[in-house]
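See below for the structure under consideration.
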Amino acid sequence: MFTIQRNLLAASTLALGVAACTAIFSFVHPLLLNPLSYPKSGELVTIEARDPKGNPVPASLQNFRAWGHETRAFRSMAAFDIGFFFLTNATEPEQIAGALVTPNLFRLLGVAPVLGRDFGPQEDRVVILTDAAWKRHFAADPNILGRSIALDFARTPEVERYTVIGVLPPNFWMYYAGFEVFVPLNEKAARNLYVIGRRADGVNIAQAQSALRAIPIQKDSSVLVRSWQDTAAQPVRSALLALAAASILLLLIASVNVASLLLSRATARRREIAIRTALGATPLRILRLLLGEALQLALIAAAAGAFLAKALVTILIKTIPPDLNSARLLPGLNRVTVDLPALAFAALIAIAACIPAQILPLIELRNIDLVTGLKDATASRSPLARKILVTAEVALSVVLLSSAGLLLKTMRHIQEIDLGFQPKNILVLRLPIPRSDPNAAARLQACYDAIATLPGVQSAALTSSQPLTGQAGSRAVSPNYFATLGIALKRGRFFTAADRRRIVINEALARRDYPTEDPIGRTMTLDGQQWEIVGIAADTRSRLFEKEGPTVYRSNRDAPASQIAIRTAVDPLSLARAVRNAVAQQGGAVAEIGTMENFIKNDSWQHEQTATLTALFAALAFLLATVGLYGVLSFAVARRRKEIGIRMALGARPADVIGLVLKESMMPVGIGLAAGLVLALALNQSLKNLFYEVAPADPVILTTVTLSILIATVAASYIPTRRALAVDPTTTLRTE
């Protein structure tokens, strides 16, 4: 029974490490190792134009055509531009995302329509639908081919009709999975081109870049060639690598714990092995027996770990903010699952962790002395091995605990970021109005008026862009915008509805352009006209981790604004349906709707998930380290039971016995702490991109981790110390 309990404990311990690694692998495999599901996706590269400072600039048709003449380094090259269309039907127009593509794009990617055909050369007014668009807008009509649909392109003033020629496979991803329509690229509409190339055989990225840089295009311009797989995985690379490192550390700690348990079991089995040897068992037979048991333990741990990993993956996917549309932005997210490769990975790491853990027991039982083994089943020759295991366990735990502490401190700092406005109870929406609509301005105003009078709406304001969306520079807003968002006035006043050509600037612009003087009353030139500065508003943020640059606020009467910010007295999302209905009654449509608090979650979810998971792994590691330390100390006290009895018989005091036990524990723990702190500093330095206003060598975190390990050591020593003090010297001397 005792052996069964030890086996279950070892399997459960290892299963925790296997579950953590398998769950993270289920994300790493599709998101980092294989984000693009195209044939030979490793050959695909993105080609970007750069200015003299190395900043990306839009690629033009001239760039694309010049690069396309380089046929030695590339097998083919294609381009696309992102655009928004209004799908005009019998009811209300709906804005959808689309792309203008060169005719060879899908052939370059190795993707063919599952229904219909691909683009031909020099085609116009034809469209290919995604599977999602075909099902959502046309109810998966099998007769969709040849049908004419009306698309109002945001860059053209008229509605145009396109003939449907194809439907793409399900889950197709190209830069952004939200695309619903693809139309041929034309010179009139092309603006900012995204260029993709497929490298020729035997050509690496550096050679491809050198070939393009040799092409004269524009003075002082440059070009950057990058692996498209690396570019697609970039948003989550740091977070996933950090979680992979944390899960591997947990697996190593679990493996060390299993090694300690197997070593204890081997000591208890010395008599059994001695009897087997006496009866003729060869060393090879004993080796096969122990390795077979280790393999059995590994498979049990792999099965349990895979089950736990599946549950963990399901939970993690549900915690991704729905407003982020991560599946659209992150290729491979829809393929995250504990599939066959993940199961194989679980079995592999379980075996890789368990077999080495059996090495110390094999050493313990090698060349066993039959007389000693048959006489004393508790004799052990490996106290040093146990101390080494404790040292390794403590060192790994320190690394994991310190990283978790820094990430949790980062989350606290993120929650304390001053946004420059009050995001609570703010609902934001975008109202796309087709350019072909002659009553666009009146329709927008009618929608705004209808929303402002809804029950639960405290105030509403028009704006051309919102904070936390990466847009800044110039913002057209209605006069009540500042009050609606809670943006503070630093100096002067806000403009009113009666003001003409009066503006408000933010603090960043005031610092840049008026470092030593008061800007109030001065004028700025915008669009060739003079505008008077009447106030300075507090800085907001363009992203959660980016302060907004110099920004000018002007009245929406002077510039178009198609977004609305609403401050509510209730849960903002509870008004979403009422807002959509109010807009629909005015003949409009809501393209996007969400809350400011969700914008914050969208920017912070990676940090939050990384911190939470790392903290969970660290807590498990801390628990395993404490249990492992307790097991080693218990064994040490049992091994030295006679020695302790003799010492007490010769006059040793309880304090001397306590000191003996603590000395047994503190030596390996101290070495583990020192080694762990050195490793932690190195690892945390590599993770600094995930930290926010936190130093990798934060003294508070490192001190807290050190004290936690020391407290755990004292706690783990409590029961073994009591057992040592309970030794009866008389009984010990009588047995001797």
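Along the sequence shown, residues carry numbers from 1. Quick caveat: nothing in here was measured; it's all calculated off a predicted structure.
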To the nearest 0.5 Å, how far apart are CG in L407 and OG1 in T612? 9.5 Å
Got a donor-acceptor contact below 3.5 angstrom from the E693 side chain to the H413 backbone? no
So, does E48 use its side chain to make a donor-acceptor pair with the main chain of L224 at under 3.5 Å? no
Are the side chain of S402 and the backbone N or O of V399 linked by a donor-acceptor pair below 3.5 Å? yes
S255 side chain to A353 main-chain N or O, any donor-acceptor pair under 3.5 Å? yes
Answer yes or no: is there a donor N or O on one side and an acceptor on the other, between the side chain of Q209 and the main chain of A206, under 3.5 Å? no
For a 4.5 angstrom cut-off between non-hydrogen side-chain atoms, does V225 reach T46? no
Pairing of R199 and E43 as salt bridge, 4.0 angstrom limit: no
Heavy-atom pair of closest approach, residues G202 and Q207: O-OE1, 3.5 Å
Once you round to the nearest 0.5 Å, how far does CG of L36 lie from CH2 of W173? 6.0 Å
Heavy-atom closest pair (A611 atom, M411 atom, distance to 0.1 Å) is CB-CG, 3.7 Å
Could you tell me if the side chain of L312 sits less than 4.5 Å from the side chain of L308, heavy atoms only? no
Can you check whether T337 reaches V313 side chain to side chain, under 4.5 Å on heavy atoms? no
Can you see which heavy atom on A23 is nearest to which on F27, and at what distance? O-CD1, 3.3 Å
For L16 and L250, the nearest pair of non-hydrogen atoms, with its separation, is O-CD2, 4.1 Å
Hey, are the side chains of V45 and W228 touching, using non-hydrogen atoms and a 4.5 Å cut-off? no
Using the salt bridge (Lys or Arg N to Asp or Glu O under 4.0 Å) criterion, which residues pair with E608? Sequence neighbours excluded. none
Between S397 and L400, is any pair of side-chain heavy atoms under 4.5 Å apart? no
What side-chain hydrogen bond (donor to acceptor under 3.5 Å, both in side chains) pairs are there with at least one residue in residues 25-41, not counting sequence neighbours? S41-Q229
For N684 and A680, indicate whether the former's side chain and the latter's backbone hold a donor-acceptor pair under 3.5 Å. yes
Does F691, at its CZ atom, have more than 12 non-hydrogen atoms belonging to other residues, nucleotides or ligands within less than 6.0 Å? yes
By salt bridge (Lys or Arg N to Asp or Glu O under 4.0 Å) - contacts of K310 (at least two apart): none
Does any non-hydrogen side-chain atom of F25 lie less than 4.5 Å from one of I349? no
If every non-hydrogen atom of G405 is compared with every non-hydrogen atom of I701, which pair is closest and at what distance? O-CD1, 3.6 Å
When you measure from the side chain of R237 to the backbone N and O of T231, does any donor-acceptor pair fall under 3.5 Å? no
Are the side chain of T610 and the backbone of H607 linked by a donor-acceptor contact shorter than 3.5 Å? no
Do NZ/NE/NH1/NH2 and the carboxylate oxygens of E546 and R541 come within less than 4.0 Å? no
Sub-4.5 Å side-chain heavy-atom contact between I709 and T713: yes
Taking the side chain as every heavy atom from C-beta outward, state whether L109 and F172 have any atom pair closer than 4.5 Å. yes
Atom of I253, atom of E393 and distance for their closest heavy-atom approach: O-OE2, 3.7 Å
